Amino acid sequence: MNYDEKLQHVSVLGAAGKMGSGILLLTAVEMADLSLKPENKGKAFVLNAIDLSDQALAGVVAYLRAQVVKIAEKKAVLLRQFYADRNDLIENYDIIEQYVNDVLALVRPTTAMEVAYKSTLIFEAVSENKDLKVKIFKQIDQNNPNKPWYFTNTSSVPIHMIEGEAGLDGRVLGFHFYNPPAVQRLVELIVTEKTLPEVNQFALDYAKALGKVVVPSNDFAGFIGNGHFMRDALYGIKLAEELAKDHPFAEAVYMVNKVSQDFLVRPMGIFQLIDYVGIDVVQFIMKVMNPFLDDEDLHSDLLDKMMEMGVKGGQMSSGAQKDGFLKYEKGAVVAVFDTDQNEYSDVVNFASACEAALGALPNSFKPWKAAVRIKDKDSHFGPYFNDMKQMDSLGAQLALGYGKNSDAIGRKLLTDKVARSEQDVNTVMLTGFFHAFGPINNYFA
Amino acid sequence: MTAGYNTISMGTGRKEFNPKKERPGLDHYIKDAGQGVLKQIGGADKIDESVIGNFMSARFNKQAHLGGFAGAIDPKLEFKPSLSVEGACGSGGLSLITGIRSVLAETADTVLSIGVEVQNTVKAIYGADILAGAGWFDKRKHGHAYFFPGQFSDRAGVYYEKYGHEYARNGMRRWFVNAIENARLDPTAQEYHNSTPDLAVLYDKMTPNGKAFVDHLNVLDCSKVSDGASGIVVASEEGLQRMGIDKKDAVEVAGWAQLTRNITNDPPDPVELTTIKAAAAKAMEMAGITMDQVGTVETHDCFSIAGILAVEALGLAAPGKGAEYVAEGNTARNGKMPMNTTGGLIGWGHPTGGTGVHQAVTIWQQLTGKAGDAQITLSDDRPYGLTINMGGDDVTVVAIVYKRA
Ligand SMILES: NC(=O)c1ccc[n+]([C@@H]2O[C@H](COP(=O)([O-])OP(=O)(O)OC[C@H]3O[C@@H](n4cnc5c(N)ncnc54)[C@H](O)[C@@H]3O)[C@@H](O)[C@H]2O)c1
């Protein structure tokens, strides 16, 4: 079965979810493009969009349509070639409309899992629950005569466990998209000892067709991305708890967030990132990863406490940020949650005091937006952090400690054999987390 | 001609432009331009008839029958002659020509000539469909997604092949830089707010990419997508008197020509603007002058390559020498032959049906000293101005020679 044939009958599980809907979109477009190739004329391409509720699936179809229109508008030059022999399609408008119809025509939204029994390829993005994933895989595999391949999007469950428990011998791999899949270019690819070479090869071809950057990760809970992020987040939380001995809690959170954003030149501070991903999700991933780690305890009482108080972060269906550690207005941070008072404390009341306490940024500072584009990272960040070392402000000290810890986390992913190279670790953080420099470097030595 | 007026050319580049917010429509621009003119001549009762030039409001705005909007400019224009004319991006020029004919035929002494287009109602990819109506629809199927950029990209490609790629791009780059620098001097220009420090560097960064756009042009080689209108009065001497306008505030139409090429044929020569060449020669012959007496030109630079080819069509440079002529700065505002002194279609903007009238307004401003910061100095031995307005791929052309009255 070649690449095109493998993509003729596909199912996406959890298609109405955050990740599933994006995977559905990318796959639908890729399948439609294949179906439009002259050699595939007349062949049926089917993409099942499977989830639990009809209502959620209706929303996904509307989302798909809007997104496919945008994609089609961008690639109108190519689409005119696809439809060159269709004399009834003349204007861009006609061609774009036809393409949107062609993409949507191969998507079958349904709540009936049974349709997956005919698929040759299955993407899984249901809720992060190992037993649920195993149960579904087992059910499909027992009823599907095609020996389908399974691409799971799990963030933290080791793939070999799913493989073993569901009895999928070599036909499963981790194809770990970042959120949102349609925008984020990074994919972590995780194979087990048994994964068949042709499954791996197909995954690479598919990722390439989607224009993704693939980083292989070894099959270890959390893989590279969460392996770094969870530990980095825990460090930030502990740092804030430490600072909170001398400062009100909200101010401590504000300062750590500021240090991790501005001083370390990241797109967002660590608490904003936790909110973005969702406090519940971070807590959950730590919980899933923790049993696999014998020399550390990946757990935070603070996260538990936030959850108990009902503060969760995450995103609304519109994509707007929900309040978490921080409170947002039009994307800007306006207040910080104070666990002692159980309410948000306005940033205006303490921001300038905190900034004074942290001290100024080095003169060589460049904001993230500009710094992220610098090709020769060392030429800028070497001198920048050297400048910082000459300063004895609180901000500089915290930032240097933070950077050093991030470096250590990166190296630990290597010694733990989660990542295969320094470059892989850095690529994940640069591409998946939009850091301006890789965590493994020599700036903090 | 007298009492010229331009609305702002609205679209990307203007700070106040937000594609996501609702914007004023066609009627707003027609009224704004018309009333801007009427204010200068003492009211609508001085006007005998109106002509509105527009290309594709029927598709951009689902509105045809623009002649009916004269009465919306001012009730005193109602129950007077008013009509609309169309010749693609040459519609504005046709509006002027219609006024000129009426005055010469003595059916009117004062004609309010307006050109208008409101294009930002659709995304560029669909705008390309609409603008493709300026070509022959039979050729649309095998044309480029961006149909007109495709046509002129093909012309540019042949020019590169014949005279050298670097050589041609040097001229086109300079054309773009001049356009933006001139636009920065005119508050109504779409690129008025442009503050890019090094335009040439920006231009070189944007290598043409045929996968996303066209093979031989980048977006900076292209005119703007604009909402805007311009108006001016075409008048006889009696008309001027009636409006109480001093001759020094008017320009005389010394010669004009309006020629069309067969739209179902390809251009006879991809590196020549044949119709422009013929129309300009005819208008100058009528005026009894040569290019040596022309002090400034407004030409239809829908693409930078069209600017270069116009330089050659006007005989300012020999075939193949236009790029060099421009690269050396001859068409800059302080050069031998200042062209498009308020930015042209690339800098000021290109509300397609409005452009022909905008060109006349710019020449009127320059010849009567009303161009503000964009004012150039004209020497007495070259008192003439020239406008070249083109519809489609060198299909409908209007050339007009102006002189201080
Ligand atoms: N959100 C992220 O940032 C992110 C990033 C990478 C990977 N992931 C992983 O992707 C997976 C999905 O995460 P998400 O954030 O999209 O979650 P989500 O809650 O948005 O989506 C999960 C979807 O699965 C559906 N579902 C649950 N049980 C089902 C069943 N039995 N059959 C069919 N559908 C079922 C739910 O209705 C929901 O629509 C998880 O494994 C998660 O770890 C998430």
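Everything numeric here is computed off the predicted structure, so don't read it as measured data. Below, chain A is the first sequence line, B the second, and so on; all start at residue 1.
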Notebook entry, point to check: Is there a donor-acceptor contact under 3.5 Å linking the side chains of Glu73(A) and Tyr126(B)?
Noted result: yes
Residue [X] excluded, over 12 heavy atoms near [atom1] under 6.0 Å:
X         : atom1 : value
His193(B) : NE2   : yes
Glu329(A) : CD    : no
Lys43(A)  : NZ    : yes
Tyr93(A)  : OH    : no
Asn363(A) : CG    : no
Lys139(B) : NZ    : yes

Note to self: I'd like to know which of Ile95(A), Asn87(A), Ile96(A), Asn92(A) tops the heavy-atom pair count under 4.5 Å against chain B.
What the structure shows: Asn92(A)
Item checked: Spatial distance of atom CG (Asp129(B)) from atom CD1 (Ile90(A)) [nearest 0.5 Å] -> 10.5 Å
Note to self: Run the side chain to side chain contact (heavy atoms under 4.5 Å, CB included) test on Glu91(A) and Phe147(B) for me, step by step, so that the C-alpha distance in whole Å, both residues' side-chain angles and the decisive distance to 0.1 Å come before the verdict.
What the structure shows: CA-CA 10 Å; Glu91(A) 298 200 305; Phe147(B) 186 78; over 6 Å; no
Note to self: Heavy-atom pairs under 4.5 Å with chain A: which of Lys141(B), His142(B), His144(B) has the most?
What the structure shows: Lys141(B)
Notebook entry, point to check: For Ala124(B), is it the side chain, the backbone, both, or neither that has a heavy atom closer than 4.5 Å to a heavy atom of chain A?
Noted result: neither
Margin query: What part of Lys123(B) gets within 4.5 angstrom of chain A, counting heavy atoms only: side chain, backbone, both, or neither?
Written below: side chain
Item checked: Per-residue contact mode, Leu79(A) against chain B (heavy atom under 4.5 angstrom) -> neither
